[in-house]
Amino acid sequence: MKKPSSPLSHIHVLRVLKRSLLVMAVSLFTASALVFAAFSAFTFWLLPNLDQYRPRLEQSLSGALGHRVSIGRLSGRWLDVAPQFELSGVSIANPVSGQALTLSRVTVQPSWTSLWAWEPRLAVRVDGPSVELRRSAAGIIYLNGFDLTSAPSGDNALGNWLLRQPSLEILNARLSWQDERLGLPRLDLQRGQLTLERQLLGHRLQLSGVPAASLGKGFQLGANWRGDDINGWQQWSGSVKVALNGARADIWSRYMRELGVLHRGEGDGTLEISFSDGSVSSLQADVSVRDAAYTPPSSRELALPQLQGKLQLDRQFNGSYKIAASDLTLASATGLAFDKSSIKGQWRPGAKGGGELTLDNVNVGHLTPFIHALGVDANPLFARFSPSGALHEVTVAWQGPVEAPTSFKAKSRFEALGWQPFGDLPGVSGVSGRIEFSEAGGRLALDTGKAEVNYPAVFAQALPFDRLSADVEWSQRDGKLGIDFHKVAFANADLSGELHGGYRHAGSGSGSVDLSASVAQLKAARVAAYLPRHVGEHTAGWLRQGLQDGIARNVKMKLAGDLDQFPFAGGKGGEFLVEADIEKARLLFQPGWPTIDDIDAKLRFRNEGMQVLAQKASTAVVPLRDVSVGIDELGADVPWLKIDGRVDDRLDRMLAYTAKSPVDGWLGGFTGRARATGAAALQLKLEVPLAGNENVKVRGDLDFHGNQLKLGGLPLPELNAVQGRLTFTERGVDSKGLQLKAFGGPFRLAARTGADKRMRFEVAGEADGKAVLRQYLPPLAALAGGHARFEGQFAVRDGLESLALTSSLKGLSLDAPKPFGKAADDSMPLQLQLKPAPARFPGAMRLEFQLAEQMAGQLRLGPDGELQAGALGIGRRAGELPANGLALRLQLPRIDLDEWLPWSARLNGGMAQPQSGMPLLIDIDTPELSAAGFTLHQVSAKMANRGSGGQWGAQLRSREAAGELD
């Protein structure tokens with residue numbers, strides 16, 4: 001309950017009030033009396049005699065200013081409560097420069113404070129003066145020649161006296177500023193207005209005017225400060241506010257060189273600076289700058305198409321700074337870096353400093369030109385991170401100098417963010433999510449659409465995704481790094497899958513990893529793009545080129561172990577495993593070879609090797625089985641691709657495959673010209689170098705199963721019932737022996753290839769003599785009967801080089817006149833050699849033979865074995881080939897034409913493809929010739945069938961007769 005006030009208390013208050021009113025009334029009466037007395041004295045005593053006091057006023061002002069003052073005329077009037085004086089023709093001498101300060105008219109009103117200050121205190125008004133401020137090269141500031149700064153205390157009397165006056169007002173002035181120390185152009189203000197007032201707690205300065213057109217459209221300056229002694233200006237405290245309209249940035253920036261240089265641009269704004277103890281304590285700005293170019297101190301130029309916003313910067317008592325910015329719009333050459341953004345925070349420079357900044361709505365990519373120009377990218381955080389994208393709710397804190405912080409923390413929400421990989425951390429682009437990190441580690445959460453991951457430590461190529469979500473956490477302590485991929489889900493046009501695991505780095509080496517991934521489906525042609533770089537550049541290149549079609553399903557990947565021991569040869573130190581089921585794939589294992597098609601296989605990368613085990617495959621329509629493709633050392637300088645497979649199919653399709661491969665070229669077209677029927681088996685092995693200049697190695701084991709074979713381009717008969725194995729390599733063919741039938745009898749064929757890459761064949765067997773002679777000596781085929789053993793050798797390199805055939809002809813009879821004819825039991829050695837004919841007879845073969853001592857000859861056979869020309873010698877050399885036809889040259893002790901003429905007529909008829917009308921020439925030299933019961937001696941005769949109608953002509957020379965017969 002409130003206690004009632006005492007009546008005595010009310011009486012006390014009334015007494016105090018009455019006394020106060022009485023004191024105020026007495027004071028007011030006294031002041032009024034004093035003003036009245038002053039008015040009376042001024043009006044009736046001082047004013048009529050005012051000019052008489054001019055010398056005393058000059059003396060008093062000279063003493064106060066420290067400079068000689070002269071006044072041309074002195075007049076006055078009473079204004080309000082004090083007198084007002086007007087001084088005309090005022091001159092203040094400057095003994096140092098000799099330049100006097102001249103004022104045409106000065107209005108002065110004394111202040112009542114002069115009474116207790118015991119010196120003149122005047123309210124001064126100057127109209128239309130010219131005020132020139134100049135800073136010399138030595139840094140001394142002069143006012144119309146008067147030193148205002150660095151002179152001794154007594155020489156600053158004018159400036160200090162002005163600060164002691166109640167007010168100084170300058171109207172319609174021309175103000176100028178010349179800075180000789182910086183070498184800057186002169187600044188001029190027209191219609192200048194300057195007001196300097198002494199207030200209860202300090203001073204106030206107002207300055208406005210119209211600057212020159214090169215400076216801008218308008219200028220205002222206001223200042224408030226505490227401090228009366230110009231010599232002690234470093235101890236002053238106060239504020240300065242500048243307002244500019246349409247200012248030309250390049251001119252004004254010359255006065256702020258310590259903050260950098262604005263080369264161009266125009267803007268409006270206000271700037272308010274608070275200072276104390278000789279340094280800036282706070283700054284407030286509200287600016288709008290357009291089309292500027294700015295060069296910060298010791299930095300590079302950057303373009304500022306637009307800069308707008310409000311900024312407040314305060315210097316705290318502990319040396320730290322506090323910043324607050326709002327409505328920031330900042331455009332770089334690439335776009336808007338800040339769009340109505342805000343910044344808050346504080347920092348303290350120096351080695352023991354630190355700070356924290358928060359900002360919102362920042363496009364880091366468009367901020368990059370500023371980061372580069374300011375040199376902030378020298379900071380390891382920015383230099384390695386190189387971020388881009390839009391940031392929201394950003395907080396950055398650090399301890400230590402900003403260029404090399406001892407610790408830092410950062411967190412943000414981001415959109416379309418990207419950063420470069422640094423250290424062992426992956427880089428990304430186009431991602432959205434949240435991130436929080438410090439020098440001790442961090443966490444990244446992604447939930448984004450199109451994005452790209454760049455992880456050079458693991459993958460050789462950047463990985464693009466249409467959908468990417470991730471929860472990644474990393475930690476770093478004492479030089480040790482740990483990364484945990486809690487869950488990473490990804491999808492793009494090639495695949496969709498998940499990854500999880502971790503990576504550890506102990507401070508040395510490549511670190512250890514334990515990652516597992518699964519992909520439901522992947523195009524086989526894109527497998528190489530998602531394999532880790534340790535697979536090897538050459539292997540990855542081969543996979544990109546070789547895997548051309550198909551689908552990989554159920555893809556599983558595991559990478560675990562010490563990466564210094566990758567690829568974990570023999571399973572030592574860890575495991576690298578990629579497995580996939582391949583369907584309907586196509587593999588081009590080497591350019592120039594037919595592709596392997598319709599592959600259903602198991603693909604496995606395991607540690608240092610790769611293996612493909614095919615359950616189904618085909619090539620050039622030939623079905624394959626037991627196919628395996630492998631690389632023993634994926635990361636070798638020269639990885640070797642090994643292919644092994646088997647074929648059980650028709651021999652003609654196998655030969656068609658080799659004809660489409662480089663094998664046919666290596667064998668000089670040997671397999672391409674072959675024709676075959678029947679089934680066979682082929683075991684094929686290839687070794688393909690994926691780098692370097694080494695050649696492909698190939699081995700094919702072809703097993704014949706009673707096949708029929710015709711080797712085109714070789715003078716060999718059709719081979720039947722071929723049995724055995726023929727091996728071919730990149731060098732040639734080899735066989736220990738093929739069993740076959742030819743020329744009507746069994747043969748054995750062996751083959752080998754020498755270092756000169758010539759394929760040499762040896763053949764032996766018993767054959768029908770007529771068939772053999774029809775192949776090689778068609779003129780003699782009609783004379784032969786029975787079987788004999790034949791042995792032959794032939795060499796092939798880019799076609800047939802030579803063929804040699806020998807036989808004793810035992811078992812073969814020749815129905816011919818003696819001494820050429822023989823019985824089957826008699827031996828008559830045959831030597832035959834076949835070579836390509838001279839180049840002027842394309843496709844023809846030249847055959848030379850020797851039949852014991854009885855006959856020798858040479859034949860030119862056409863591409864199909866037809867006789868084009870031939871020469872046979874019996875008892876003499878065969879001589880030169882005729883242009884066409886067959887020449888038979890006989891030289892015997894005795895010749896019975898009744899025996900020889902019917903025999904010679906049979907020579908042409910014995911050919912495989914008789915040519916009607918082929919000319920036949922018979923040349924005879926003999927001591928004795930008998931015909932139709934006549935005998936001639938020392939005979940030299942020529943007989944010719946011209947090939948037309950079978951008519952003969954003859955020339956005869958002998959001891960008994962000579963002449964010609966047509």
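What's counted below: heavy atoms across the whole structure, side chains too, no hydrogens, waters or symmetry copies.
Taking the side chain as every heavy atom from C-beta outward, Leu682 and Phe728 approach each other to under 4.5 Å. Val722 has its side chain out of reach of Leu651: every pair of non-hydrogen atoms, C-beta onward, lies at least 4.5 Å apart. Contact of the Leu803 side chain with the Leu716 side chain is registered, since non-hydrogen atoms from C-beta on lie closer than 4.5 Å. Residues Lys710 and Gln708 fail the side-chain proximity criterion, which asks for heavy atoms closer than 4.5 Å. Side-chain contact check for Glu730 versus Asn695: every heavy-atom pair is 4.5 Å or farther apart. The side-chain heavy atoms of Tyr657 and Asp649, taken from C-beta on, include no pair separated by under 4.5 Å. Residues Thr926 and Leu890 are not in side-chain contact: their nearest non-hydrogen atoms beyond the backbone lie 4.5 Å or more apart. Looking at heavy atoms from C-beta onward, Phe790 lies in side-chain contact with Leu809 at the 4.5 angstrom threshold.
Between the side chain of Asn707 and the backbone N or O of Leu709 there is no donor-acceptor pair closer than 3.5 Å. With hydrogens and angles disregarded, a donor-acceptor distance shorter than 3.5 Å links the side chain of Ser807 to the backbone of Arg789. Side-chain atoms of Thr539 come within 3.5 Å of backbone N or O of Leu634 as a donor-acceptor pair. Gln590 places no side-chain N or O within 3.5 Å of a backbone atom of Leu690 that could act as its donor or acceptor partner. Distance alone, capped at 3.5 Å, places no donor-acceptor pair between the Asp598 side chain and the Lys584 backbone. Judged by distance alone, with hydrogens and angles left aside, the side-chain atoms of Lys685 form no donor-acceptor pair with the main-chain N or O of Lys697 at under 3.5 Å. Listed for the Arg604 side chain is no donor-acceptor partner under 3.5 Å among the backbone atoms of Gly609. The backbone N or O of Ala852 sits less than 3.5 Å from a side-chain atom of Gln850, completing a donor-acceptor pair. The main-chain N or O of Ala614 is never found under 3.5 Å from a side-chain atom of Asp600 such that the two would form a donor-acceptor pair.
Residues that satisfy the salt bridge (Lys or Arg N to Asp or Glu O under 4.0 Å) test with Arg957, not counting sequence neighbours, are absent from this structure. Listed by chain and number, the residues in a salt bridge (Lys or Arg N to Asp or Glu O under 4.0 Å) with Arg889 amount to none (sequence neighbours excluded). With sequence neighbours excluded, no residue satisfies side-chain hydrogen bond (donor to acceptor under 3.5 Å, both in side chains) with Arg748. Considering only residues two or more places apart in sequence or on other chains, Asp549 meets the side-chain hydrogen bond (donor to acceptor under 3.5 Å, both in side chains) condition with none of them. Shown here are the side-chain hydrogen bond (donor to acceptor under 3.5 Å, both in side chains) partners of Arg752, two or more places apart in sequence or in another chain: there are none. Scanning for ring pair (Phe, Tyr, Trp, His ring centres under 6.0 Å) contacts around Phe589 gives Trp593, with sequence neighbours left out. Remark: Lys660 engages no residue in a salt bridge (Lys or Arg N to Asp or Glu O under 4.0 Å) (not counting sequence neighbours). With sequence neighbours excluded, the residues that form a side-chain hydrogen bond (donor to acceptor under 3.5 Å, both in side chains) with Arg894 are Glu928, Ser930. Take Arg877 and apply the salt bridge (Lys or Arg N to Asp or Glu O under 4.0 Å) test, not counting sequence neighbours, and it matches no residue.
One distance of note links CD of Gln858 with CZ of Phe849; it measures 9.5 Å at 0.5 Å rounding. Once rounded to the nearest 0.5 Å, the distance linking CG of Asn884 with CG of Leu921 reads 11.0 Å. Atom OG1 of Thr658 is separated from atom CZ of Arg653 by 14.0 Å, given to the nearest 0.5 angstrom. In this structure, CD1 on Ile582 lies 8.5 Å from CD1 on Ile599, to the nearest 0.5 angstrom. Atoms CG and CZ, from Asp626 and Arg646 in turn, are 8.0 Å apart once rounded to the nearest 0.5 Å. To the nearest 0.5 angstrom, Leu777 atom CG is 6.0 Å from Leu859 atom CG.
Ala691 approaches Val638 most closely through the heavy-atom pair O-CG1, 3.3 Å. Contact between Ala816 and Leu783 at its shortest, heavy atoms only, is CB-CD1, 4.3 Å. Between Leu812 and Ala784, the shortest heavy-atom distance links the atoms CD1-CB, 3.9 Å. In this structure, Leu881 and Ala871 approach most closely via the heavy-atom pair CD2-N, 3.6 Å. The nearest pair of heavy atoms linking Lys942 to Asp923 is NZ-OD2, 3.0 Å. Across all their heavy atoms, Thr619 and Ile596 have their closest contact at CB-CA, 4.3 Å.
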**Request:** Show your reasoning for whether side chain to side chain contact (heavy atoms under 4.5 Å, CB included) applies to Leu684 and Val647.
**Result:** CA-CA 8 Å; Leu684 183 63; Val647 179; over 6 Å; no

**Request:** Verify side chain to side chain contact (heavy atoms under 4.5 Å, CB included) between Met610 and Leu543, making sure each step is shown before the conclusion.
**Result:** CA-CA 11 Å; Met610 182 205 77; Leu543 287 170; 4.2 Å; yes

**Request:** Step by step, work out the side chain to side chain contact (heavy atoms under 4.5 Å, CB included) result for Gln615 and Lys602.
**Result:** CA-CA 8 Å; Gln615 296 88 34; Lys602 188 77 171 182; 4.3 Å; yes

**Message:** Does Arg650 form a salt bridge (charged side-chain N to carboxylate O under 4.0 Å, His left out) with Asp652? I'd like the steps, not just the answer.
**Reply:** CA-CA 6 Å; Arg650 289 166 23 196; Asp652 60 329; 3.0 Å; yes

**Asked** When you look at Met845 and Leu800, which way does the side chain to side chain contact (heavy atoms under 4.5 Å, CB included) test go after all the steps?
**Response** CA-CA 10 Å; Met845 302 296 292; Leu800 179 70; 3.2 Å; yes

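With Gln683 as reference, Asp644 is the one residue of Thr727, Asp703, Asp644 to meet the side chain to side chain donor-acceptor pair (under 3.5 Å) rule.
Under a cut-off of 6.0 angstrom, the local environment of CZ in Arg699 is sparse, with at most 12 non-hydrogen atoms contributed by other residues, nucleotides or ligands. By the 6.0 Å contact criterion, CD on Glu537 is open, its count of non-hydrogen atoms from other residues, nucleotides or ligands being 12 or less.
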Which donor-acceptor pairs under 3.5 Å do side chains of residues 736-745 form with protein atoms, sequence neighbours excluded?
none

Quiz: residues 823-839 side-chain donor-acceptor pairs under 3.5 angstrom, not counting sequence neighbours:
| from | atom 1 | to | atom 2 | distance (Å) |
| --- | --- | --- | --- | --- |
| Asp826 | OD2 | Ala823 | N | 3.3 |

Considering only distance and modelled atom types, tabulate donor-acceptor pairs under 3.5 Å from the side chains of residues 755-767, sequence neighbours left out.
| from | atom 1 | to | atom 2 | distance (Å) |
| --- | --- | --- | --- | --- |
| Asp756 | OD1 | Arg758 | N | 3.1 |
| Asp756 | OD1 | Arg760 | NH1 | 3.3 |
| Asp756 | OD2 | Arg758 | NH1 | 3.2 |
| Asp756 | OD2 | Arg760 | NH2 | 3.1 |
| Arg758 | NE | Glu801 | OE1 | 2.6 |
| Arg758 | NE | Glu801 | OE2 | 3.2 |

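In this structure, a donor-acceptor pair under 3.5 Å is absent between the side chains of Ser618 and Asp597.
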